[in-house]
Amino acid sequence: MPIDNADELRKAVDRAVSSVQITDVHTHLFSPRFGGLLLWGVDELITYHYLIAETHRWIDLPVEDYWELSTREQADLIWRTLFLENSPLAESCRGVLTALRNLGLDTAARDLEGYRSRFASLRVEEYVDTVFERSGVKEVVMTNDPFDDAEREVWLQGPEEDPRFRAALRLDALLNAWETGGAKLARWGYGVQTRLGGDTIREVKRFLKEWAERMQAVYMAVSLPPTFVMPEDSPRSRLIRECVLPVCEELNIPFAMMIGVKKLVNPGLRLAGDSVGKASIETVEHLCTTYPGNKFLVTMLSRENQHELCVAARKYRNLMPFGCWWFLNNPSLVDEITRMRLELLGLSFIPQHSDARVLDQLLYKWEHSRRIIAGALCDKYRDLMATGWRIEESEIQRDVGKLFGGNFWQFVERKI
Ligand code: FIX
Ligand code: ZN
């Protein structure tokens with residue numbers, strides 16, 4: 001039966017968006033077999049680097065002294081500063097409270113010790129089940145770095161068995177730091193040379209194929225500075241051109257470029273010290289034009305890059321924009337960017353990823369994003385109905401399924 005009115009429409013969109021099982025295409029989560037690499041619990045939620053940056057705007061404690069504190073002491077300081085001495089209005093703080101509420105905890109009590117005791121009784125394997133179930137996330141794509149010693153050891157023991165955790169082969173350490181990354185490859189027995197001579201290109205391709213196979217990687221990924229340009233006479237440019245893109249094409253997996261991050265503008269803040277800059281859409285256009293057999297997942301960190309990324313996506317079917325990344329993952333910007341994408345790309349994009357670093361964040365990042373995306377979708381369907389077009393609830397469910405996972409898997413699997 002076609003939907004007759006705005007009230008029915010809103011309910012149908014809310015039903016579809018609230019019930020869709022999500023593929024979260026970019027996270028920093030790990031399955032429990034990775035041990036301490038999987039962060040979870042209220043103190044990890046509160047010491048998420050977003051809140052660390054916001055806390056240091058208020059306190060006089062030298063950042064070196066801050067890092068001497070235990071995680072619990074850091075959480076106490078952040079809780080006091082951002083939640084008790086100031087109302088927790090920032091998205092990062094609101095998220096902590098949404099997650100706690102979704103676990104049935106009384107946020108009105110403001111009882112951090114009480115919240116801690118709730119987590120103390122949990123087993124991580126059961127908690128993973130609880131979080132996936134309550135957040136409506138079907139599977140997450142991890143960020144997997146073979147150059148991380150702890151993580152590499154786990155992968156060398158065997159593949160990931162939990163289907164909820166898919167792998168992405170992350171290449172920052174290779175592409176953005178070839179000197180040290182290449183030296184590690186040499187230590188691991190790959191015949192590479194710093195100046196990329198000899199068998200280097202062939203050996204880097206061997207490394208990429210071996211690790212993509214070991215991880216069963218659904219894509220390869222790298223974060224890139226606003227200054228990233230190609231073509232360019234640099235190790236990064238050569239490695240992307242002669243190694244990454246040919247191997248991704250051979251394996252038929254996308255290359256994900258996360259462009260616009262200025263690493264460590266304030267090094268003392270560590271992970272919280274990164275910033276943003278407007279990047280070159282011309283480089284994205286160059287890559288999509290020059291490598292038509294490759295698939296590019298692209299997210300850009302600067303708000304100023306969003307419209308041109310949408311327009312570029314209209315030109316290239318091998319370009320899939322994804323997510324409202326990091327400093328864009330705030331209701332006002334998710335709303336703006338999603339509406340822009342719906343108006344310019346229809347349904348052919350991936351609206352969001354969580355970037356979750358702490359398991360419990362799935363409980364808030366997706367609740368917040370579902371609500372915003374549902375609002376934008378509802379308005380667009382209402383505009384559609386105003387033309388006399390009739391829409392079925394089954395079509396809304398079809399569309400929503402594409403946005404929250406279908407488009408991703410279709411892009412990963414399709415032969416461009
Ligand atoms: O490069 C990335 O994957 C970024 O998302 C991270 O480096 C960043 O710290 C983050 O988690 C942002 O949300
Ligand atoms: Zn990330």
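Atoms within each ligand, like the ligands themselves, are counted from 1 in listed order. Below, all heavy atoms of this structure are taken into account, side chains as well, without hydrogens, waters or symmetry copies.
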Would you kindly check if the NZ (Lys) or CZ (Arg) of Arg152 is within the cone defined by 45 degrees around the ring axis of Trp155 and under 6.0 Å from the six-membered ring centre?
no

Between Arg270 and Trp67, is NZ or CZ placed under 6.0 angstrom from the six-membered ring centre and within 45° of the ring axis?
yes

Heavy atoms only: which of Tyr50, Phe327, Trp326 is nearest to atom 13 (O) of ligand 1?
Tyr50

From the options Gln361, Arg357, Lys365, select the one whose nearest heavy atom is closest to atom 11 (O) of ligand 1.
Arg357

Qualifying side chain to side chain donor-acceptor pair (under 3.5 Å) pairs with a residue from residues 49-59, counting only residues at least two apart or across chains:
Tyr48-Tyr50, Glu54-Ser92

Please state which protein non-hydrogen atom is closest to [atom] and give its distance, to 0.1 Å?
| atom | answer |
| --- | --- |
| atom 4 (C) of ligand 1 | Trp325 NE1, 3.6 Å |
| atom 1 (O) of ligand 1 | Arg170 NH2, 2.6 Å |
| atom 10 (C) of ligand 1 | His49 NE2, 3.7 Å |

Does atom CD of Glu179 have more than 12 heavy-atom neighbours from other groups under 6.0 Å away?
no

Could you tell me whether Glu133 atom CD has more than 12 heavy atoms of other residues or ligands within 6.0 Å of it?
no

Could you check whether [Y] and [X], counting side-chain N and O atoms only, form a donor-acceptor pair closer than 3.5 Å?
| X | Y | value |
| --- | --- | --- |
| Asp355 | Trp326 | no |
| Tyr316 | Thr289 | yes |
| Asn144 | Glu151 | yes |

Considering both backbone and side-chain atoms of Asp355, is one of its nitrogen or oxygen atoms within less than 3.5 Å of a nitrogen or oxygen in ligand 1?
yes

Are the side chain of Asp162 and the backbone of Ser31 linked by a donor-acceptor contact shorter than 3.5 Å?
no

Numbered atoms of ligand 1 (with element) below 4.0 Å of His26, judged on heavy atoms:
3 (O), 5 (O)

Ignoring water, what protein N, O or S atoms are under 2.8 Å from the Zn ion (ligand 2)?
His26 NE2, His28 NE2, Asp355 OD1

